[in-house]
Student: 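What follows is a single structure, and I will ask about it in a moment.
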Amino acid sequence: MTSKSEAVVQEGLEGVVVTQTRLSGVDGEAGQLVIAGARVEDLAGAVPFEGVCARLWERPSVELGPARVEAFARLPGLGGALEAAEPMDALRAAVAHLPSTASAEEVTAAVAVFAAAWERRRAGKPPVAPLTGLSHAADTLRMVRGEAAPAALVQGLDTYLSTVVDHGLNASTFTARVIASTGSDLVSAVVGALGALKGPLHGGAPGPVLDMLEAVGAPERAEAWLSAELAAGRRIMGMGHRIYRVRDPRAAVLESAVVKLETAGVRTPRLVLARAVEHAAAEVLAKRHPDRPLKANVEFYTAVLLDAVGIPRGLFTPVFAVGRVAGWCAHVAEQRRTGRLIRPDSLYVGPVPG
Ligand code: COA
């Protein structure tokens, strides 16, 4: 056993570099995220989601409308996939029905169309057919709501999708790259990534953040409520991060997007409460873990923004996938270009035959 492998086992896999990427970089100490050469603050909301896809996929431009129409035509052939009670189970099963030759456009469009169709089914309504002329954010919102969404809400969702599109070698992206590295197809890689994203330690926190805001109810109750949670041994949702030692830069981007909605006249009733809870949570956590900075992560304001945009709580993780799938596609292409199998080692610590 080498000292390096001992260290990996003790500290876990974080910090171990397993690949190079030109797609996104995370600086956890400085709180910076660069996506396709631009800071997330300069990209999200300024470059439409399709433009961000084009940068990540290294294309002059990307058009997702025709692929949404194609995905919608596949709905009758999905069997019982969209009948699953859990939306991520439904999405995983539905995406698995795509042909293994599907392109990045087809897979990215299908995630939005299938997520929206699941929500419509849950609400007891028929699916809404896509429109090619709309942006991906506008059409996704339209397919979920059943009617065109005001421009401010579309801008809010577009900002969200670009903010979460890629984030280094997070668990779902790593999953996608491992699958791609075996020479398997894009659809298989995305199905695996969806399975990783589903887990509550990865893509499942925004719903619980909203539950927390509702349980706190009013700013003056925040400190007592949060202290009681910690005393009961529970974690504060939307706070803390494996990589960031400062506030997650995406929290600021999403918070600004909520403020923009407010300025545009959209009701954002949870913003004041969310800010008070974030402030109180940072203080309570600083007292409990003085040596470990635990600040707001992306999920905190995801909950506030998606709620203000009108996305139902149960659809938060699938909508995360609507954005992140474009990053997965880019990583699969990048991994393929390396032609190298990702095959990390494990350290055997079991019994040794005598
Ligand atoms: N609430 C309360 N305590 C927390 C906490 C939180 N949100 N996040 C971390 N801690 C505590 C840990 O329990 C640990 O305490 P201990 O040393 O007494 O055991 C200490 O702070 C250090 O934890 P750390 O090593 O930073 O956490 P991690 O890297 O293992 O976990 C998360 C990172 C994101 C899983 C964790 O912060 C968390 O569970 N956050 C809430 C869920 C969430 O928002 N997830 C979305 C992530 S984008």
Side-chain angles (χ1 to χ4, degrees), residues 39-52 64-65 68 112 115-116 119-120 122-123 125 128 130-131 133-165 205-207 209-222 238 247-280 296-320 322-323:
R39 282 182 203 275
V40 64
E41 297 85 346
D42 301 329
L43 193 71
V47 177
F49 179 67
E50 287 85 338
V52 176
L64 294 171
R68 285 194 303 274
E119 169 56 25
R120 296 287 295 172
R122 186 203 61 79
K125 295 174 181 163
V128 177
L131 288 178
L134 293 181
S135 73
H136 198 53
D139 211 18
T140 299
L141 213 42
R142 192 184 134 272
M143 289 186 291
V144 170
R145 292 161 49 107
E147 58 181 9
L153 300 188
V154 171
Q155 176 67 17
L157 182 62
D158 184 72
T159 303
Y160 171 75
L161 296 179
S162 297
T163 302
V164 302
V165 71
V209 168
L210 218 49
D211 297 339
M212 170 177 73
L213 295 180
E214 278 169 6
V216 171
E220 60 278 12
R221 293 188 47 203
R247 195 175 189 240
D248 185 333
R250 298 168 299 172
V253 173
L254 299 182
E255 185 186 7
S256 307
V258 181
V259 172
K260 274 192 196 132
L261 284 182
E262 203 168 51
T263 312
V266 177
R267 280 194 68 246
T268 58
R270 298 188 204 271
L271 182 59
V272 172
L273 178 60
R275 283 175 162 162
V277 171
E278 182 195 356
H279 185 73
N297 63 47
V298 66
E299 311 286 25
F300 201 95
Y301 286 96
T302 287
V304 184
L305 177 60
L306 291 187
D307 181 56
V309 161
I311 300 289
R313 186 178 318 209
L315 213 58
F316 284 1
T317 308
V319 170
F320 188 167
V322 170

Student: Using side-chain heavy atoms (C-beta onward) and a distance below 4.5 Å, is M143 in contact with R120?
Tutor: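 Side chain of M143 against side chain of R120, heavy atoms only: no contact under 4.5 Å found.
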Student: Should T163 and L305 be marked as a side chain to side chain contact (heavy atoms under 4.5 Å, CB included) after you check the CA-CA gap, both sets of side-chain angles, and the distance that decides it?
Tutor: CA-CA 12 Å; T163 302; L305 177 60; over 6 Å; no
Student: With side chain to side chain contact (heavy atoms under 4.5 Å, CB included) as the test, would you mind laying out the steps for R68 and H136 before giving the verdict?
Tutor: CA-CA 9 Å; R68 285 194 303 274; H136 198 53; 3.1 Å; yes
Student: Just jot down the ring-ring contact (aromatic ring centres under 6.0 Å, His included) partners of F316, sequence neighbours excluded, or say none.
Tutor: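 Per chain and number, F316 pairs via ring-ring contact (aromatic ring centres under 6.0 Å, His included) with no residue.
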Student: Please find the pair of heavy atoms, one from P48 and one from D158, that lie closest to each other, and give the distance.
Tutor: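 Smallest interatomic distance, heavy atoms only, reads CA-OD2, 3.5 Å.
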Student: Does the side chain of V298 come within less than 4.5 Å of V164's, by heavy atoms?
Tutor: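 Side-chain contact under 4.5 Å: yes.
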Student: Are any of the side-chain nitrogens in E278 or R275 under 4.0 Å away from the carboxylate oxygens of its partner?
Tutor: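 Not counted as a salt bridge, because no side-chain N and carboxylate O are separated by less than 4.0 Å.
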Student: Take the angle between the ring planes of F320 and Y160 and call it parallel below 30°, perpendicular above 60°, tilted in between.
Tutor: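 Aromatic pair F320/Y160 classed perpendicular.
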Student: Kindly compute the distance separating CG (L315) from CZ (R122), expressed to the nearest 0.5 Å.
Tutor: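 So the CG of L315 and the CZ of R122 are separated by 8.5 Å.
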Student: Where is the tightest heavy-atom contact between T159 and A257, given as atom of each residue plus distance?
Tutor: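 Taking T159 first and A257 second, the nearest heavy atoms are CG2-CB, 4.0 Å.
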Student: A side-chain contact here means heavy atoms from C-beta on lying under 4.5 Å apart; do P312 and L306 qualify?
Tutor: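 Not touching, per the 4.5 Å side-chain cut-off.
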Student: Does this structure show an ion pair linking E262 with R267, if we count only N-O contacts that are shorter than 4.0 Å?
Tutor: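 The answer is no: the pair does not qualify as a salt bridge.
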Student: Restricting to non-hydrogen atoms, name the atom on L273 and the atom on G217 that form the minimum distance, rounded to 0.1 Å.
Tutor: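 Here L273 and G217 meet closest at CD2-O, 3.9 Å.
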Student: Ignoring hydrogens and geometry, is there a side-chain-to-backbone donor-acceptor pair from D248 to A296 under 3.5 Å?
Tutor: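 No, D248 side chain to A296 backbone: no donor-acceptor pair under 3.5 Å.
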Student: For the residue pair L271 and Y301, establish whether any side-chain heavy-atom pair is separated by less than 4.5 Å.
Tutor: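 SC-SC contact between L271 and Y301 confirmed.
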Student: Output yes when R247 and E255 qualify as a salt bridge under the 4.0 Å nitrogen-oxygen rule, no when they do not.
Tutor: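 Salt bridge present between R247 and E255.
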Student: Check whether any side-chain heavy atom of R142 lies under 4.5 Å from a side-chain heavy atom of V154, and answer yes or no.
Tutor: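 With C-beta onward as the side chain, the pair stays apart.
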Student: With side chains defined as the heavy atoms from C-beta onward, is the minimum distance between L64 and F49 less than 4.5 Å?
Tutor: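 Result yes, sub-4.5 Å side-chain heavy-atom pair found.
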Student: Which heavy-atom pair separates A138 from S135 by the least distance, and what is that distance?
Tutor: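 Distance-wise, the nearest heavy atoms are N-OG, 3.0 Å.
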Student: If you measure from CD on E50 to CG on L161, what distance do you get to the nearest 0.5 Å?
Tutor: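 If I round to the nearest 0.5 Å, the distance is 9.0 Å.
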Student: Do R313 and E214 meet the salt-bridge criterion of a basic N to acidic O distance under 4.0 Å?
Tutor: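 Judged by the 4.0 Å cut-off on N to carboxylate O distance, E214 and R313 do form a salt bridge.
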Student: Are the side chains of V277 and V209 in touch, meaning some heavy atoms are under 4.5 Å apart?
Tutor: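 Sidechains of V209 and V277: no contact.
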Student: Looking only at non-hydrogen atoms, find the nearest pair between A44 and S162 and report the distance.
Tutor: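 Shortest heavy-atom contact: CA-CB, 3.9 Å.
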Student: Determine the sole option in L261, V258, V266 for which the side chain to side chain contact (heavy atoms under 4.5 Å, CB included) test with V309 is passed.
Tutor: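 Exactly one option meets the side chain to side chain contact (heavy atoms under 4.5 Å, CB included) with V309, and it is L261.
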Student: Apply side chain to side chain contact (heavy atoms under 4.5 Å, CB included) to the pair V304 and L254, showing each step before the final yes or no.
Tutor: CA-CA 9 Å; V304 184; L254 299 182; over 6 Å; no
Student: Can R145 and E147 be counted as an ion pair, charged N to O under 4.0 angstrom?
Tutor: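 The answer is yes: the pair qualifies as a salt bridge.
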Student: If you take all heavy atoms of A274 and L213, which pair is closest and at what distance?
Tutor: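 A274 and L213 have their closest heavy atoms at CA-CD2, 3.9 Å.
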Student: If you define the side chain from C-beta out and look only at heavy atoms, does anything of L141 sit under 4.5 Å from I311?
Tutor: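 Sidechains of I311 and L141: in contact.
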